[in-house]
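This chain uses plain numbering: 1 for the first residue, then up along the sequence. Everything numeric here is computed off the predicted structure, so don't read it as measured data.
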Amino acid sequence: MNKYLKNAVAFGSAAALSLSAVTPMLTTTSNLAATVAAVDDGNDDWLHAEGSRLYDMNGNEVWLTGANWFGLNCNEAVPHYLWSADMDDVLEEVADRGINIIRFPISTELIVSWMNGKPNPVNSFSANADPAFTINPDCVEADGKTLKNSMEIFDILMGKCKKYGIKAFIDIHSPHTDNSGHNYNLWYGKAGVTTDVWIDSLVWLADKYKNDDTLLAYDLKNEPHGKGQEGADAAKWDGSTDENNWAYAATKCAEAILDVNPNALILVEGVEQSLSGAQAGDYWGIPDRRDNSPYIGAWWGGNFRGAREYPIVPKQGTSQIVYSPHDYGPSVYAQTWFDKDFTEQTLLDDYWYDTWAYINAENIGPELIGEWGGHMDGKENQKWMTLLRDYMINHHINHTFWCLNTNSGDTGGLWDGLGFQQGSGTSIKWNEPKYELFEEALWQTSVSGKYIGLDHQIPLGINGTGLSLSEYYSNYALSEGSNLDGGKKGGSTGGTVTTSKPVVTTTTTTTTTDAPSSNTTTTVTTTASTTVTTTTTTSVEDTTVTTPSQQVTAKKLAGDSNCDGEVNMADAVLIMQYIANPSKYGLSGTSDTRITEQGIANADCDGSNNGVTNADALAIQQYMLKLITELK
């Protein structure tokens, strides 16, 4: 978004997983590139959360490190600069520079036009310097004269992201199409967008892309905000069912999306102000007070104080929920926590910890800072960017930098300019000092500095600087590791896949965390996964082998691929793992959770009796969603 002054302090200041039949995980970039078209059909890269971390289907930890590219939220209805830059050139360079995910701001109004079969036109290409459409010929019909519509161009954009190993997510930047729409408080109330329309449009898009893991996530609304004294016109976070209660609306929307795609990540931002209850009888909408204000302020989208008491818990469980604060430095607004020689510790004490950082620190959920960035001033703003960058690296916080665009007024961009010349393509002038600061927070191997993508099959970029996720965990994770958590070696650190409706076991322990005071003792609540693997150890010719408990039954339990006596999401995931990586999850595989003979018999459950295929995993999810009544 083109940000304007952001005032955030209290007194008027600042459906189914249609699993793909893919080949075993590959180990070389050349092999990966050669077989991409054959092996990657969009369903092996979905992610899930456990505690504060995100994992892939194999239980390997991942780190989303990317940037924003706005324009779909604006009148142009496409990412900006496609009038003067080739889409392929841009995405190739973005990938080669290590950005593994892009956040695309968009308006609900635009998605509604797609949903209604009347996509809004693109208002940028022909009005600029390319009347013959020589820059992005893929975006023109066969006649060479007719520009494709905004939905068709978005589909092309997603296809090219896949081509270069980049993942994407959309952010509902405003209900209406408006280059300054982010200034509007709520997710409803403009351009005919109601809460129901907002939800319906996101469900439609999630259903459209449910079989394409390029579009990994949905950021439900950019920066819900407003001051408490605005009452019903401001976004709040509490336990009510009021329409302006963001926690309630976000939970409803998350449930609706997960009903059609239980594998999508759902990003939930914060609000601007929370009600502190400084005095008995305070309520949302009470006029502010000069002294002892009832409201605690934050950046727009940054305030998660209400989530302590009212976390986001959809009916499907919390395995797909990611909290997404926004955080900025003094160049955007001179907040009170910058009124000193601030350090990481003072920022934690004065703002970060109680506002958003506790979610990650106390293992409540993963976080993705959807916007951070600003001008390279050589002073306080640059100092703040460096402190936040290092905190995210050291504590596994996902992030998307604001922004790639040059035309963000109060932050600038990673780009300083773009141009196109026929025959030589697009030239991008990067703000190299800013990129250098940002680049340290991109996921990369610790010694060779290779950037790590989120696609199991397609390496990030094409110039050899990037890896696929499979290649990283096959060849680099144990030998040199990555900069995740400030430097870590190893493979799976989690990997228990949460079912769609988990039975949650809560335990309470006391531990010392990196809370605002280093000696603070904090009660930490963790949610344990429900999937349990039973193992038995047998001795074969003096060799101890650990194998999954066979639990062979006289009668097939259709769909129960992991033989635990139940049919749920974990069975669909095991089928996906078995198909994608039989050397690890097949009968003679290396994983303790590999499939068994009984599991294979159970897994063939779609009624075709043609062996275990992606259709069986799809049937399990359809059964879970009550779209079919039985498995066979």
Side-chain angles (χ1 to χ4, degrees), residues 6-10 13-14 51-53 63-65 223-225 237 267-274 276 295-309 311-312 322-374 380-402 411 437-438 440-441 485-486 511-524:
K6 289 191 143 187
N7 184 344
V9 294
S13 65
S52 64
R53 306 301 170 102
W63 193 20
L64 282 56
T65 58
E223 299 179 352
H225 63 277
W237 192 305
L267 276 61
V268 181
E269 299 187 29
V271 292
E272 178 184 356
Q273 291 190 339
S274 62
S276 68
Y295 304 109
I296 298 178
W299 293 111
W300 294 358
N303 195 328
F304 288 90
R305 289 174 179 264
R308 273 202 178 276
E309 186 174 0
I312 304 298
V322 178
Y323 293 89
S324 187
H326 290 185
D327 206 89
Y328 281 101
S331 73
V332 174
Y333 190 81
Q335 304 283 14
T336 57
W337 44 92
F338 300 127
D339 291 344
K340 60 178 67 174
D341 185 16
F342 59 87
T343 64
E344 177 184 295
Q345 191 61 55
T346 67
L347 289 170
L348 284 165
D349 292 346
D350 297 342
Y351 178 70
W352 285 355
Y353 194 84
D354 289 335
T355 306
W356 59 262
Y358 75 92
I359 294 172
N360 171 273
E362 298 176 21
N363 211 36
I364 295 168
E367 291 188 293
L368 184 149
I369 296 187
E371 293 184 18
W372 68 289
E380 276 71 19
N381 198 70
Q382 195 166 331
K383 173 183 173 181
W384 163 82
M385 278 198 287
T386 303
L387 291 172
L388 180 60
R389 177 201 67 190
D390 292 346
Y391 187 79
M392 293 188 298
I393 293 171
N394 292 327
H395 298 277
H396 185 145
I397 296 176
N398 308 278
H399 62 92
T400 48
F401 192 86
W402 188 272
T411 66
L437 184 150
F438 162 67
E440 290 192 31
D485 291 318
T511 185
T512 300
T513 73
D514 55 347
S517 297
S518 59
N519 295 323
T520 300
T521 300
T522 307
T523 300
V524 180

Fill in the blank from the handout: Between the CG atom in Asp350 and the NZ atom in Lys340, the distance rounded to the nearest 0.5 Å is 3.5 Å

Exercise for the section: Find out whether Tyr351 and Ile296 are in side-chain contact, i.e. whether some heavy atom of one side chain is under 4.5 Å from a heavy atom of the other. Expected result: no

Handout entry: Given Thr400, Leu368, Val268, the one that forms side-chain contact (heavy atoms from CB on, under 4.5 Å) with Ser324
Key = Leu368

Completion exercise
Closest non-hydrogen contact found for Glu223 with His225 is O-ND1, 2.7 Å

Completion exercise
Closest heavy-atom pair, Ser331 versus Gly374, reported as atoms and distance to 0.1 Å, is OG-CA, 4.3 Å

Practice task
Please check if the side chain of Asn360 supplies one atom and the backbone of Ile397 the other of a donor-acceptor pair under 3.5 Å.
Solution key: no

Practice task
Over 60° means perpendicular and under 30° means parallel, so classify the ring planes of Trp63 and His396, tilted if in between.
Solution key: tilted

Practice task
To the nearest 0.5 Å, tell me how far Glu362 CD sits from Arg308 CZ.
Solution key: 4.0 Å

Completion exercise
Scanning both residues in full, the closest heavy-atom pair of Met385 with Trp372 reads O-CZ3, 3.7 Å

Handout entry: Minimum heavy-atom distance between Gly51 and Pro366, given as atom pair plus value
Key = O-CD, 3.1 Å

Problem - Short side-chain to backbone donor-acceptor contact, Trp384 and Pro330, under 3.5 Å - result: no

Fill in the blank from the handout: CD of Glu380 to CZ of Phe342, rounded to nearest 0.5 Å, is 5.5 Å

Exercise for the section: Go through Thr355 and Trp299 one step at a time and tell me if the side-chain contact (heavy atoms from CB on, under 4.5 Å) criterion holds. Expected result: CA-CA 10 Å; Thr355 306; Trp299 293 111; over 6 Å; no

Practice task
Would you indicate whether the side-chain heavy atoms of Trp337 and Thr346 approach each other to under 4.5 Å?
Solution key: no

Handout entry: Asn398 vs Glu367 side-chain heavy atoms within contact, under 4.5 Å
Key = no

Practice task
Taking all non-hydrogen atoms of both residues into account, name the closest pair between Ile312 and Trp237 and its distance.
Solution key: CD1-CZ2, 3.8 Å

Completion exercise
Taken to the nearest 0.5 Å, the spacing of Trp352 CH2 from Leu387 CG works out to 5.5 Å

Exercise for the section: Test Trp300 against every option in Glu272, Glu371, Glu269 by the side-chain contact (heavy atoms from CB on, under 4.5 Å) rule and name the one that passes. Expected result: Glu272

Fill in the blank from the handout: So CZ of Arg389 and CD of Glu440: to nearest 0.5 Å the spacing works out to 4.0 Å

Practice task
Could you please spell out the steps behind the side-chain hydrogen bond (donor to acceptor under 3.5 Å, both in side chains) verdict for Ser52 and Asn363?
Solution key: CA-CA 5 Å; Ser52 64; Asn363 211 36; 3.2 Å; yes

Practice task
Look up atom CD1 in Ile369 and atom CG in Leu64, then write down how far apart they are to the nearest 0.5 Å.
Solution key: 13.0 Å

Practice task
Assign the ring pair Phe438 / Phe401 to parallel, tilted or perpendicular, where the plane angle (0 to 90°) is split at 30° and 60°.
Solution key: tilted

Handout entry: Ring geometry between Trp356 and Tyr391 (parallel below 30°, tilted from 30 to 60°, perpendicular above 60°)
Key = perpendicular

Handout entry: Short side-chain to backbone donor-acceptor contact, His399 and Ala441, under 3.5 Å
Key = yes

Completion exercise
Looking only at heavy atoms, the pair that brings Arg53 and Asp485 closest together is NH1-OD2, 2.9 Å

